[in-house]
Amino acid sequence: MGKTLKGLMLFTDIGFIVYWTITFMGWIPKEYLYQDYKNELLVAWNMSFIPLDLFISVTGILSIYYFHKKKPVWSALCFTSLLLTSCSGLQAIAFWFIRQDFDMMWWTPNLFLLIYPLFFLAKVMKRERNCYA
């Protein structure tokens with residue numbers, strides 16, 4: 001695991017935890033919330049990402065921990081975290097696209113989630129395959 005991947009994963013994993021903390025605390029100013037943020041269906045849609053995002057954080061942080069402990073399981077956890085991170089971004093982008101809501105405040109972080117893992121998935125998958133071959 002290189003420094004770039006480790007840094008991006010920590011940024012993302014800690015970012016998810018911070019985002020959900022400030023969301024539950026109500027610390028996001030109303031002008032930065034998504035459109036129709038009072039719509040119960042949209043709130044439920046947003047909240048439906050909590051298990052996925054927190055699972056991403058757990059698998060990502062554990063993969064870094066196990067990498068430093070030189071445990072081979074790190075690569076499987078890393079692959080899982082990266083793949084699900086990209087899926088999380090894709091689901092959000094697809095939703096906002098279908099709604100024709102192109103607010104860059106929400107598109108930018110979700111495009112990041114969608115795209116950055118794609119640069120590392122093949123390398124981690126190759127590492128995982130070689131580890132158990």
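Only a predicted model underlies this, so the values are computations on that prediction, with no experimental measurement involved. Computation of the quantities below employed the complete heavy-atom set of this structure, encompassing side-chain atoms and omitting hydrogens, waters and symmetry-equivalent molecules.
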Seminar exercise, completed: So CZ of Phe49 and SG of Cys87: to nearest 0.5 Å the spacing works out to 10.5 Å
Problem set entry | Cluster overlap Ile98 with Leu42, hydrophobic side-chain contacts below 4.5 Å | no
Problem set entry | Minimum-distance pair of heavy atoms, taken over all atoms of Ser63 and Met1 | OG-CE, 3.9 Å
For this session: If a pair satisfies side chain to side chain donor-acceptor pair (under 3.5 Å) and one of its residues is in residues 3-14, list it, with sequence neighbours excluded.
Result: Lys6-His68
For this session: Would you check if the distance from the ring center of Phe24 to the ring center of Tyr19 is below 6.0 Å?
Result: no
For this session: Evaluate side-chain contact (heavy atoms from CB on, under 4.5 Å) for Asp103 paired with Trp96, printing each intermediate quantity in order.
Result: CA-CA 9 Å; Asp103 183 348; Trp96 296 119; over 6 Å; no
Exercise. Counting distance only, does the side-chain N/O of Thr80 pair as donor-acceptor with the main-chain N or O of Ala76 below 3.5 Å?
Worked result: yes
For this session: Check for a donor-acceptor pair, side chain of Ser75 on one end and backbone N or O of Val124 on the other, with a separation under 3.5 Å.
Result: no
For this session: Determine whether Phe16 and Leu113 make a side-chain contact, defined as any pair of heavy atoms from C-beta on separated by less than 4.5 Å.
Result: yes
Exercise. Taking a hydrophobic cluster as the set of Ile, Leu, Val, Met, Phe, Trp and Tyr residues connected by side-chain heavy atoms closer than 4.5 Å, whether directly or through intermediates, do Val18 and Met9 fall within one such cluster?
Worked result: yes
Problem set entry | Aromatic ring proximity Trp74/Phe67, centre distance under 6.0 Å | yes
For this session: Give the ring-plane orientation class for Trp107 versus Phe102, where under 30° counts as parallel, over 60° as perpendicular and anything between as tilted.
Result: tilted
For this session: Apply side-chain contact (heavy atoms from CB on, under 4.5 Å) to the pair Ile61 and Ile17, showing each step before the final yes or no.
Result: CA-CA 11 Å; Ile61 291 168; Ile17 294 166; 4.2 Å; yes
For this session: Calculate, to the nearest 0.5 Å, the distance between atoms SG and CG belonging to Cys78 and Leu5 respectively.
Result: 4.5 Å
Seminar exercise, completed: Here the pair of heavy atoms bringing Pro117 nearest to Phe112 is CD-O, 4.0 Å
Exercise. Trp45 and Ser48: which non-hydrogen atoms are nearest, and at how many Å?
Worked result: O-OG, 2.5 Å
For this session: List the steps, then state whether side-chain contact (heavy atoms from CB on, under 4.5 Å) holds for Leu77 with Tyr65.
Result: CA-CA 10 Å; Leu77 290 166; Tyr65 172 79; over 6 Å; no
Problem set entry | salt bridge (Lys or Arg N to Asp or Glu O under 4.0 Å) pairs, two or more places apart, involving residues 75-99 | Asp36-Arg99
Problem set entry | Sidechain-backbone polar pair: Ser86 side chain, Leu83 backbone, donor-acceptor under 3.5 Å | no
Exercise. Are more than 12 heavy atoms from other residues, nucleotides or ligands located less than 6.0 Å from atom CZ of Phe95?
Worked result: yes
Problem set entry | Side-chain donor/acceptor of Asn110 to backbone N/O of Trp106, under 3.5 Å | yes
For this session: Taking atom types as modelled, find out whether Trp20 and Asp53 have a side-chain donor-acceptor pair closer than 3.5 angstrom.
Result: yes
Exercise. Once you round to the nearest 0.5 Å, how far does OG1 of Thr85 lie from CG of Leu52?
Worked result: 8.0 Å
For this session: Output the distance between atom OG1 (Thr21) and atom CD1 (Ile14), rounded to the nearest 0.5 Å.
Result: 11.5 Å
For this session: Drop me the distance from Ile56's CD1 to Ser81's OG, to the nearest 0.5 angstrom.
Result: 6.0 Å
Exercise. From Leu118 CG over to Leu82 CG, what is the distance, rounded to the nearest 0.5 angstrom?
Worked result: 9.0 Å
